[in-house]
Amino acid sequence: MKLLHLLMAIVTVGVTLPASAAEPIIIKFSHVAAESAPKGKAAAYFKKRAEELSNGKVKVEVYPNSTLYKDKEEIEALQIGAVQMLAPSLAKFGPLGLKEFEAFDLPYIFDTREALHKVTKGPVGAQLLRKLEPKGIVGLAYWDNGFKHLSNSTPIKSPADLKGKKMRIQSSKVLEEEMRALGAIPQVMAFSEVYQALQTGVVDGTENPHSNLYTQKMHEVQKYLTLTGHGYLGYAVIANKAFWDGLPSDVRSALEKAMSDTTDYANEISNRENELALEAVRTSGKTEIYNPTALELAAFKKSLAPVHKKMESRIGKETLEAIYSATGSDPSKL
Ligand code: LMR
């Protein structure tokens, strides 16, 4: 009986302790990227703005580089409230049952960042974020990273060069299909494990925006990088819905403003960060960078175009058509 009372007291205190002025509301923000990557910089910026704008009522603890949770675990941790905020890549929502997000992984779906923003800053993007709510998640914003390129232990100039290559991908069926279309063998793996897998030859290669390749030091263990720009990698910033809805309204408004400022910042720095990372890879002299000819790029596009139709029933025809119509291009017809 005594033990039961003790347990009840612990549970009650844990749940109902009010946040007084002296006790800031803690937001644990976990992510898998380096502090120097675009997402790492944006998370640090959000911490600063959120603490400023809430006049210290909120304290944001940022846990970068998978120090708290890896990819799959972090979404589960958010749902049970062990952390309050995350910014997983859009390729990681499929396992939650939100297959529509995998549209962002389709090859060559966005020709430019402007085309991407037509989706992320428009009604299609907003509608996708609303789909998170039944999962106990609030979608707050999209943060850009950049376009992905192929790296490998051997030179890659055409899809034929990828035949039989083991390629690390994020947990997305579209990316699986993409690698198969190129003749490669896809291998889903947590981001935190990629460096070692490349180093030991568990996989031969992978795909990344330059900022991730460089800040995870993958260029040290990848001899060749081919500038294919064949897909996009960006993030949805998300929060535990019960936590977010339960915030005092002045605090929530301050956080919304902090998020809007941070989104502008994140989307402003991401392109440049990726350019700088490419230059840093070049300067390191560890990776040979290959710029494919127009003809070679056309061969990649031709191999990858069928992935759109193949994945149509998984993503949903309506979502796909809404995206094509927002961007003004339908790469399935390439
Ligand atoms: C990846 O797993 O390759 C990326 O999603 C990592 C990240 O969050 O940028």
Side-chain angles (χ1 to χ4, degrees), residues 29-34 36-46 64 71 74-75 85-96 98-132 137-149 169-172 174-175 178 191 206-216 228-239 259-260 262-278 315 319-320 322-323 326-327 329 331:
F29 188 148
S30 170
H31 71 85
V32 302
S36 53
K39 179 162 66 179
K41 291 190 174 177
Y45 189 95
F46 174 73
D71 297 311
E74 70 172 14
I75 297 196
M85 285 180 71
L86 306 172
S89 110
L90 297 163
K92 292 176 185 169
F93 290 90
L96 255 185
L98 298 167
K99 303 167 190 161
E100 302 90 329
F101 280 81
E102 291 181 0
F104 287 97
D105 302 330
L106 284 165
Y108 295 107
I109 190 158
F110 306 114
D111 285 339
T112 58
R113 282 177 185 263
E114 290 68 37
L116 159 75
H117 291 157
K118 293 258 167 55
V119 176
T120 52
K121 296 184 181 174
V124 184
Q127 204 185 348
L128 283 173
L129 291 184
R130 279 198 296 277
K131 296 198 176 197
L132 292 160
I137 296 171
V138 188
L140 300 172
Y142 291 97
W143 287 353
D144 291 356
N145 188 335
F147 292 95
K148 291 178 295 181
H149 307 270
I169 53 163
Q170 306 171 79
S171 57
S172 155
V174 168
L175 297 180
E178 167 207 88
F191 190 55
T206 185
E207 53 170 15
N208 273 303
H210 304 313
S211 57
N212 275 352
L213 182 86
Y214 181 67
T215 60
Q216 294 293 322
T228 44
H230 61 279
Y232 172 72
L233 190 150
Y235 311 105
V237 190
I238 57 178
M259 184 51 62
S260 148
T262 308
T263 301
D264 290 345
Y265 167 80
N267 295 350
E268 204 180 286
I269 65 162
S270 55
N271 193 25
R272 183 84 187 118
E273 290 290 320
N274 277 293
E275 283 172 2
L276 290 173
L278 178 62
I315 293 163
T319 302
L320 268 188
I323 293 178
T327 59
S329 89

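Computed from heavy atoms alone, side chains included, the values below leave out hydrogens, waters and symmetry copies.
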Problem set entry | side chain to side chain contact (heavy atoms under 4.5 Å, CB included) evaluation trace for Tyr232 with Lys148 | CA-CA 6 Å; Tyr232 172 72; Lys148 291 178 295 181; 6.0 Å; no
Exercise. Backbone N or O of Gly229 within a donor-acceptor pair of the His149 side chain at under 3.5 Å?
Worked result: yes
Exercise. Take atom OH in Tyr214; do more than 12 heavy atoms of anything else shown fall under 6.0 Å from it?
Worked result: no
Exercise. Any donor and acceptor pair, going by atom type alone, linking the side chain of Tyr142 with main-chain N or O of Gly125 inside 3.5 Å?
Worked result: yes
For this session: Ignoring hydrogens and angles, tell me if any N or O in the side chain of Asn145 forms a donor-acceptor pair with the backbone of Pro38 under 3.5 Å.
Result: no
Exercise. What pairs meet the salt bridge (Lys or Arg N to Asp or Glu O under 4.0 Å) rule with one or both residues in residues 109-126, with sequence neighbours excluded?
Worked result: Arg113-Asp144
Exercise. Would you say Glu275 has more than 12 foreign heavy atoms packed within less than 6.0 Å of its CD?
Worked result: yes
Problem set entry | side chain to side chain contact (heavy atoms under 4.5 Å, CB included) between Phe104 and Phe110, worked out | CA-CA 8 Å; Phe104 287 97; Phe110 306 114; 3.7 Å; yes
Exercise. Which residues pass the side chain to side chain contact (heavy atoms under 4.5 Å, CB included) test with Ser171, sequence neighbours left out?
Worked result: Lys92, Pro95, Val188
For this session: Could you tell me whether the side chain of Asp264 reaches within less than 4.5 Å of the side chain of Tyr45, counting heavy atoms only?
Result: no
Exercise. Heavy atoms, side chains only, cut-off 4.5 Å: are Trp143 and Ile269 in contact?
Worked result: no
For this session: Sequence neighbours left out, what passes side-chain hydrogen bond (donor to acceptor under 3.5 Å, both in side chains) with Thr120? Give chain and number order.
Result: none
For this session: List the steps and the verdict of side chain to side chain contact (heavy atoms under 4.5 Å, CB included) for Ile109 and Val119.
Result: CA-CA 11 Å; Ile109 190 158; Val119 176; over 6 Å; no
For this session: Just do the side chain to side chain contact (heavy atoms under 4.5 Å, CB included) check on Phe191 and Asn208 with the steps written out, would you?
Result: CA-CA 11 Å; Phe191 190 55; Asn208 273 303; 4.1 Å; yes
Exercise. Any side-chain heavy atom of Phe46 sitting closer than 4.5 Å to one from Met259?
Worked result: yes
